[in-house]
Amino acid sequence: MSILEIKNLTVTFHTKDKITRAVHNISLSVEEQDSIGIVGESGSGKSTLAMAILQLLPKRIARIEGEVILDGKHLFQCTDEQIRKIRWRDLAVVFQKSMNALSPVHKIGTQMSDIYRIHESKISKKKLKEKIISLLEMVNLPSRVYDLYPHELSGGMMQRVSIALSLMHNPKLLILDEATTALDVVTQGQILSEIKELEKELNLTRIMITHDMSVVASACKKVAVMYAGNILEFGYVKDVLVNPLHPYTQGLLKSIPTFKGEKKNIRGIAGALPDLSVPVQGCIFASRCEFATDICYQVKPTEELLSGNHRVACHLVGGMEHANVNHS
Ligand code: SF4
Ligand code: MG
């Protein structure tokens, strides 16, 4: 069953001098207990996509088209009050530095309790303390964290508190936006495996936004490769990583550093993201693609559906019926 349906989502930013298309016509279906990695370089629109789902984009400049349906509810038709209720309760998010939102002068336990009470006020003080401590323990933090201040925690502990906060009301969907990016490799690995364990226990569904293919490889079942606001390739991690078909995905995979390799061996993709305020007629990746031919600059490739629900938007991948269906 689908927990989240994103249908033809487009996000444009309207500023004084230009219109920037940050997310372009994205459709994605997130099934119950899925773990979907959304991967791409910074500036590819991944966070904008998450913020659009959560309705956290500044209304003054952001225009959103399309539909987002969470567990049968059309989010763009909800009132601000309804959305506030949905956040945390049904849909929780952890950002790279979520803890920056916490006050430095209050203890972790007090702040977690206050946040809990926003959605669930009828709980006794004693019960709430037990609940918070069990949440801390669930993310492998000692109960003494309850009485610590944010500055007394390491980066890894802070992200664990953020994850504990996000799980407070058993959300249907958890969005992690570069949630482990700032951490050292060992702590990142530990937290990723803890998240996978928790998911089994709590039946969680997860979207994981990252610029790092190795995070997707170790922690996700499916992957959507995003570039300049478009999804260029989608499929099971085991298919996309073993048999990447889009030149951009191939480039991203080549740029993963290996443990053996020195930093100088990391191969980036030449060129920069296109200017999203300038409409592109053909393939959005053409300006950086080593395989681009004339047709790539003139005609936008349609998405090809291959076996195993592997989908790719590239003129090089063809020979099958064109399919303009949802990613699932
Ligand atoms: Fe490269 Fe053309 Fe494929 Fe785009 S459609 S990724 S430019 S080969
Ligand atoms: Mg981002």
Side-chain angles (χ1 to χ4, degrees), residues 6 8-12 19-29 36-49 66 209-217 220 222-256 266-328:
I6 301 172
N8 307 107
L9 185 71
T10 292
V11 181
T12 42
I19 298 172
T20 308
R21 194 163 60 184
V23 170
H24 180 60
N25 200 25
I26 281 185
S27 295
L28 189 72
S29 161
I36 298 188
I38 298 182
V39 69
E41 292 161 273
S42 80
S44 59
K46 314 176 302 277
S47 296
T48 305
L49 173 66
I209 291 169
T210 177
H211 67 283
D212 186 347
M213 264 294 191
S214 53
V215 166
V216 172
C220 300
K222 296 174 184 169
V223 58
V225 179
M226 211 168 155
Y227 179 78
N230 293 255
I231 291 180
L232 301 185
E233 183 158 5
F234 178 86
Y236 282 93
V237 166
K238 63 176 171 43
D239 296 330
V240 175
L241 266 53
V242 172
N243 186 24
L245 295 173
H246 197 285
Y248 180 63
T249 316
Q250 291 166 357
L252 275 184
L253 285 166
K254 277 186 205 144
S255 61
I256 293 183
I266 298 172
R267 282 215 273 155
I269 303 167
L273 283 168
D275 179 350
L276 298 178
S277 65
V278 179
V280 171
Q281 197 186 344
C283 171
I284 190 81
F285 188 57
S287 61
R288 291 170 80 183
C289 181
E290 54 180 307
F291 307 107
T293 55
D294 287 351
I295 190 178
C296 302
Y297 290 96
Q298 286 150 17
V299 182
K300 190 179 162 81
T302 2
E303 194 176 64
E304 294 284 340
L305 171 61
L306 309 167
S307 66
N309 213 0
H310 192 164
R311 290 143 204 256
V312 189
C314 169
H315 289 305
L316 287 179
V317 181
M320 293 186 70
E321 288 281 303
H322 283 273
N324 249 332
V325 273
N326 279 355
H327 304 82
S328 61

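As the structure lists them, so they are numbered: ligands from 1, and atoms in each ligand from 1.
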Euclidean distance, R21 CZ relative to T12 OG1, rounded to 0.5 Å: 9.0 Å
Between E304 and H310: side-chain donor-acceptor atoms closer than 3.5 Å: no
Listing request: all salt bridge (charged side-chain N to carboxylate O under 4.0 Å, His left out) pairs with a residue in residues 237-252, at least two apart in sequence or in separate chains. none
Taking all atoms of both residues into account, what is the closest heavy-atom pair of P247 and C314, and its distance? CD-SG, 3.9 Å
Below 2.8 Å, which protein N, O or S atoms neighbour atom 3 (Fe) of ligand 1, ignoring water? C314 SG
Looking at CG of D212 and CG of L252, how far apart are the two atoms once the value is rounded to the nearest 0.5 Å? 10.0 Å
Using 30° and 60° as the class limits, which term best fits the ring planes of F285 and Y227: parallel, tilted or perpendicular? perpendicular
